[in-house]
Asker: 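Submitted below is the structure of interest, expressed as structure tokens.
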There are 2 protein chains.
Amino acid sequence: MARERKFSQDELFSATKEFLLIHGYEGFTFLLLAERLHISRGALYKYYDNKDELITSYMIHELKQLLNRLQEVKQYVRFDDQFDFLMELIFTMPEVQQLIIIANQISANTNEKVKNNKEELTQLHMSMYQYLSDFVRLGRQEKKLKENIPDGLILGFIFQTIAIPNHYGVPHTEWVASIKEIISHGMFTNK
Amino acid sequence: MARERKFSQDELFSATKEFLLIHGYEGFTFLLLAERLHISRGALYKYYDNKDELITSYMIHELKQLLNRLQEVKQYVRFDDQFDFLMELIFTMPEVQQLIIIANQISANTNEKVKNNKEELTQLHMSMYQYLSDFVRLGRQEKKLKENIPDGLILGFIFQTIAIPNHYGVPHTEWVASIKEIISHGMFTNK
DNA sequence: TATTTTAGTAACGTTAGTGTCACTTTGATG
DNA sequence: CATCAAAGTGACACTAACGTTACTAAAATA
């Protein structure tokens with residue numbers, strides 16, 4: 001290496017995440033990022049040809065981390081334990097859902113690197129889906145999950161409910177416990 | 001009137017909705033809209049000073065419609081019936097959640113009209129919240145809702161679950177029935 | 001210490017969106 | 001049919017983001 005960088009990849013990616021969540025795909029710019037990192041806009045082009053390449057690279061990083069932690073689910077034998085683990089995991093990365101949606105706005109691009117990145121993202125998605133459908137399969141084997149509810153909805157509930165805004169600042173543990181309660185046994189009493 | 005408009009307010013608003021959902025707040029432009037309506041960009045400035053004013057006006061229109069239909073909830077006396085009505089209603093406007101989030105990106109603006117529009121939107125939100133908290137109160141009175149679950153989460157579940165993507169194209173009635181089932185009694189069997 | 005390699009800068013032309021304005025078009029009304 | 005008011009146009013100046021490039025700065029190494 002000839003000269004030290006003024007910023008770390010970690011700083012770059014966490015700023016990327018922040019701005020993507022605030023401004024969305026179209027509102028995300030290299031200038032914004034450059035200012036945050038105290039470098040000039042031009043410097044960023046040393047590493048990424050355009051924002052699609054940067055964003056997809058960041059998303060690969062983010063999904064790899066998620067996948068890494070997701071595979072720990074295998075350590076749990078019983079469905080209930082897998083469920084608890086999954087809920088905890090997802091609550092540590094509540095923005096991932098939204099980021100995936102934002103990243104999907106990246107259209108078919110002429111850039112070769114972006115194409116490759118998008119393919120890698122698809123692979124990562126599929127790996128994630130593998131773990132999740134194993135989880136559902138286990139639940140069905142153990143007869144823990146109601147038979148008539150489609151797989152996609154079971155996973156959808158688990159992933160979507162973390163995005164419910166906690167407007168009134170209910171304490172985290174209480175909030176999570178309530179969500180797990182509803183997903184498991186509903187919000188209705190049996191009266 | 002001196003001359004007929006080339007577009008109706010309905011066309012304008014439905015295009016606005018479409019582009020907002022596709023491109024988000026920052027990606028929404030007057031040119032996009034003008035092309036869709038087969039008019040020049042300049043013509044739009046006859047009606048709205050800028051995109052914030054257009055978007056807030058559109059959102060007022062959208063929320064008024066929702067509120068209009070929401071107040072029918074009063075016609076139902078029993079909590080269960082109100083619940084059914086609410087679920088059906090929300091499923092007819094699944095994008096409203098996302099649109100509200102997008103509209104919230106509009107920052108404090110110097111334009112007086114935009115300020116007024118934003119205030120009107122706040123009012124509409126509060127009216128909506130009134131109906132919804134009446135609904136929750138009824139559920140608690142009838143002892144239909146579990147006591148330990150916070151209000152915000154009950155409403156959050158109802159509003160958030162409509163955004164779960166039905167990737168595998170489960171038929172609508174089946175999908176809605178399953179969502180109601182989970183919200184009411186959970187996805188777990190009692191074994 | 002001279003060389004090489006990488007990091008970063010600053011300026012350029014380009015493109016796309018913004019808001020404005022003088023102008024033309026259209027159709028209803030006196 | 002002349003007039004007027006609203007609808008619509010197209011050009012203008014401006015700004016912000018884009019991607020490129022010739023350049024300078026810094027640090028490792030030979």
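Note: hydrogens, waters and symmetry copies are ignored here, and every other heavy atom, side chains too, is used. Sequence lines set the chain letters: A, B, ... in the order given, protein chains first and strands last, and positions in each chain run from 1. Here the structure is a predicted model, which means the values were calculated and not measured.
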Asker: For the base of C/dG8, is there a side-chain donor-acceptor partner from A/K46 under 3.5 Å away?
Answerer: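 Under the 3.5 Å cut-off, the side chain and the base do form a donor-acceptor pair.
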Asker: Starting at atom NE2 of A/H23, determine the distance to atom C1' of D/dA16, rounded to an integer number of angstrom.
Answerer: 14 Å
Asker: Take atom CG of A/L44 and atom P of D/dT20, then tell me their distance rounded to the nearest Å.
Answerer: 14 Å
Asker: Atom CD of A/E26 and atom P of C/dA16: how far apart are they, to the nearest Å?
Answerer: 13 Å
Asker: When you measure only distances, ignoring hydrogens and angles, does the side chain of A/R3 come within 3.5 Å of the base of C/dA7 through a donor and an acceptor?
Answerer: yes
Asker: With a 3.5 Å cut-off and just heavy-atom distances, do the side chain of B/R41 and the base of D/dG10 make a donor-acceptor pair?
Answerer: no
Asker: Report whether B/L89 and B/M128 are members of the same hydrophobic cluster (ILVMFWY, side-chain heavy atoms less than 4.5 Å apart, transitive linking).
Answerer: yes
Asker: So B/T29, base contact, sugar-phosphate only, or nothing? Heavy-atom distance under 4.0 Å.
Answerer: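 The residue B/T29 makes sugar-phosphate contact but no base contact.
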Asker: Nearest whole angstrom, please: distance from the C1' of C/dA7 to the CZ of A/F7.
Answerer: 9 Å
Asker: What integer distance in Å separates B/F30:CZ from D/dT9:P?
Answerer: 15 Å
Asker: Can you confirm whether more than 12 heavy atoms, excluding those of A/N148, are under 6.0 Å from its CG atom?
Answerer: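 Buried by this count: over 12 neighbours within 6.0 Å.
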Asker: To the nearest 0.5 Å, what is the distance between CG on B/L153 and CD1 on A/I164?
Answerer: 5.0 Å
Asker: How long is the line joining NZ of B/K113 and C1' of C/dG19, in whole Å?
Answerer: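 So the two atoms are 13 Å apart, to the nearest Å.
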Asker: Measure from the side-chain N and O atoms of B/T189 to the backbone N and O of A/K144, and report whether any donor-acceptor pair falls under 3.5 Å.
Answerer: yes
Asker: So does A/Y45 get a side-chain nitrogen or oxygen closer than 4.0 Å to the phosphate oxygens (OP1/OP2) of D/dT21?
Answerer: no
Asker: Return no unless some side-chain N or O of A/Y48 is found under 4.0 Å from OP1 or OP2 of D/dG19.
Answerer: no
Asker: Measure the distance from CD on A/E4 to P on C/dT6 and round it to the nearest whole Å.
Answerer: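 Taking CD of A/E4 and P of C/dT6, I get 16 Å after rounding.
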Asker: What's the closest nucleotide to the B/L31 side chain, out of C/dG19, C/dG17, C/dG8?
Answerer: C/dG17
Asker: Can a donor-acceptor pair under 3.5 Å be found between the side-chain atoms of A/R5 and the base atoms of C/dA7?
Answerer: no
Asker: If you compare all heavy atoms of B/N117 against all heavy atoms of B/E53, which two are closest, and at what distance to 0.1 Å?
Answerer: ND2-O, 3.6 Å
Asker: Report the distance from atom CG of B/N50 to atom C1' of D/dC14, rounded to the nearest whole Å.
Answerer: 16 Å
